[in-house]
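As C-alpha cells, the structure follows; a few thoughts come after it.
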Amino acid sequence: GQLGMGGDRRGPMPDEPIIWRRGEPLPAARPRTLPDWLADVAARHGRRAVLIDAGRVWTWDALRTAAEGLAARLADRIA
C-alpha cells in the first residue's frame with residue numbers, strides 16, 4: 001500500500017490484491033430470494049442453532065420449515 005494524504009497508512013491501493021479471507025471459497029452465485037437463502041443456509045448449517053429464546057432452540061432447518069409453512073398459509077390468502 002501507499003501512504004495516504006496525512007502520511008497515514010490507508011491500506012492497499014486498488015491495483016494490489018487483497019488477501020484476507022480464510023476458509024472455503026465463496027459460492028459462484030448467491031441466493032437472490034429469502035426462500036432460496038433459507039434453503040442454502042439450511043443445507044449448509046441445518047442442525048445448528050440460529051434462535052434460542054426462553055429455553056427453545058430453533059435450528060436453521062426448523063426456521064426454514066416454519067417459514068415455508070407460513071408462506072404456504074399466506075399464499076392461500078393472497079392468491
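In what follows, residues are counted from 1 in the order of the sequence shown. Note that the coordinates shown come from a computational prediction; the quantities given were computed from them, not determined experimentally.
Within the 4.5 Å cutoff, the side chain of Leu38 has heavy atoms near those of the Leu63 side chain.
How far CH2 of Trp58 is from OG1 of Thr65: 9.0 Å, rounded to the nearest 0.5 Å. The OG1 atom of Thr59 sits 12.0 Å away from atom CZ of Arg48, with the distance rounded to the nearest 0.5 Å.
If you chain together hydrophobic residues whose side chains sit under 4.5 Å apart, Leu74 and Leu34 never meet in one group.
Using a cutoff of 4.0 Å between basic side-chain nitrogens and carboxylate oxygens, Asp40 and Arg44 are scored as salt-bridged.
When all heavy atoms are compared, the tightest approach of Arg64 to Ala42 is CD-CB, 4.0 Å.
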